[in-house]
Amino acid sequence: MSGATAVRGGKPGGLGLAAARRRRRLWVLLLCGLGLGMAAALALTAFQDNLVFFRSPSDIAAGMGHDGRAFRLGGLVEAGSVVRDGAEARFRVTDGANTISVAYRGVLPDLFREGQGVVTLGKMLPDGSFAASEVLARHDETYMPPEVKDALERSGHWNPSQGAAPPAAGWNTMQPAPAGARTGG
């Protein structure tokens with residue numbers, strides 16, 4: 001029987017060498033799985049902190065964007081609303097249905113103009129205005145950010161089946177479409 005005990009791991013009645021290896025592999029796999037799960041959780045947490053949502057003035061009026069997190073506000077710069085005071089600029093962003101006042105401290109992009117598309121990054125203030133930390137202007141006369149087009153469509157000011165989006169310069173004078181003519185939902 002001494003030969004049989006040597007094959008089984010050297011201990012009578014103890015774990016065999018193969019069983020000990022399996023148990024060790026199981027522990028290694030469990031620890032690797034735990035490490036991978038922790039790494040995935042950390043990556044998702046970091047991603048969530050850096051996630052920036054787009055909102056239109058109508059979204060803000062509906063109560064979105066008041067959670068204290070930074071987001072992108074997009075629309076058109078309302079004609080006649082830009083006021084510059086040194087390094088600070090104040091203007092209103094509209095999607096045709098609603099308007100939000102924006103305050104920005106810094107140099108505005110060269111392409112920033114009244115009646116043109118703009119996307120701003122910042123946070124809502126308690127008084128209902130928007131404090132922008134970054135302002136992005138349109139690329140050329142025909143460019144409009146996709147988010148702004150979507151906001152215009154949702155607000156009922158543009159139906160893609162009727163042709164190109166209305167000219168940006170007329171946004172602040174547009175009247176909302178009748179309820180039955182609205183698109184998107």
Side-chain angles (χ1 to χ4, degrees), residues 46-185:
F47 179 71
Q48 184 178 10
D49 289 343
N50 292 323
L51 193 61
V52 179
F53 292 102
F54 177 86
R55 306 261 192 260
S56 69
S58 292
D59 292 338
I60 302 301
M64 301 169 121
H66 296 285
D67 59 0
R69 294 183 59 179
F71 63 92
R72 287 189 173 110
L73 171 67
L76 293 177
V77 178
E78 190 174 66
S81 70
V82 179
V83 176
R84 297 175 196 232
D85 184 19
E88 186 170 349
R90 295 189 169 277
F91 55 93
R92 290 187 303 271
V93 174
T94 183
D95 63 359
N98 291 289
T99 303
I100 300 289
S101 295
V102 177
Y104 174 69
R105 180 172 286 282
V107 178
L108 289 169
D110 289 339
L111 298 174
F112 179 87
R113 288 184 183 81
E114 294 179 354
Q116 298 298 325
V118 68
V119 175
T120 60
L121 174 65
K123 294 181 180 181
M124 289 300 295
L125 297 175
D127 67 357
S129 65
F130 187 78
S133 59
E134 185 177 355
V135 174
L136 306 170
R138 57 147 180 87
H139 295 165
D140 62 22
E141 285 185 15
T142 60
Y143 176 78
M144 187 179 301
E147 297 90 350
V148 175
K149 283 184 181 179
D150 293 341
L152 183 59
E153 186 178 344
R154 281 194 317 267
S155 71
H157 287 289
W158 176 50
N159 183 346
S161 65
Q162 295 175 347
W171 269 42
N172 67 330
T173 61
M174 294 175 61
Q175 297 299 318
R182 289 185 184 247
T183 61

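Along the sequence shown, residues are numbered consecutively beginning with 1. Every heavy atom of this structure was used, including side-chain atoms; hydrogens, water molecules and symmetry mates were not.
Atoms OG and CZ, on S101 and F91 in that order, are 10.0 Å from each other to the nearest 0.5 Å. One finds the CG atom of L76 at 11.5 Å from the OG atom of S56 (value rounded to the nearest 0.5 Å).
Residues that satisfy the side-chain contact (heavy atoms from CB on, under 4.5 Å) test with T99, not counting sequence neighbours, are E78, R92, T94. Evaluation of the side-chain hydrogen bond (donor to acceptor under 3.5 Å, both in side chains) rule for S129 yields D127 as partners, not counting sequence neighbours. Evaluation of the salt bridge (Lys or Arg N to Asp or Glu O under 4.0 Å) rule for R105 yields E88 as partners, not counting sequence neighbours.
Under the side-chain contact (heavy atoms from CB on, under 4.5 Å) test applied with F71, the options T120, L121, I60 reduce to a single match, I60.
V135 and P109 make their closest contact through O-CG, 3.3 Å (heavy atoms, listed as atom of the first residue, atom of the second, distance). In terms of heavy-atom proximity, V77 sits nearest to V82 at CG1-CG2, 3.7 Å. Taking both residues in full, the closest heavy atoms of E114 and S81 are given as OE2-N, 3.7 Å, listed atom of the first, atom of the second, then distance. Summarising the geometry of P57 relative to V93, their closest heavy-atom pair is CG-O, 3.5 Å, with the distance given to 0.1 Å. Taking every heavy atom of both residues into account, F130 and M124 meet most closely at CD1-SD, 3.7 Å. The two residues R84 and F112 make their nearest non-hydrogen contact at NH2-CD2, 3.9 Å.
Listed for the N98 side chain is no donor-acceptor partner under 3.5 Å among the backbone atoms of A61.
Considering only heavy atoms from C-beta on, K123 stays 4.5 Å or farther from L125 through its side chain.
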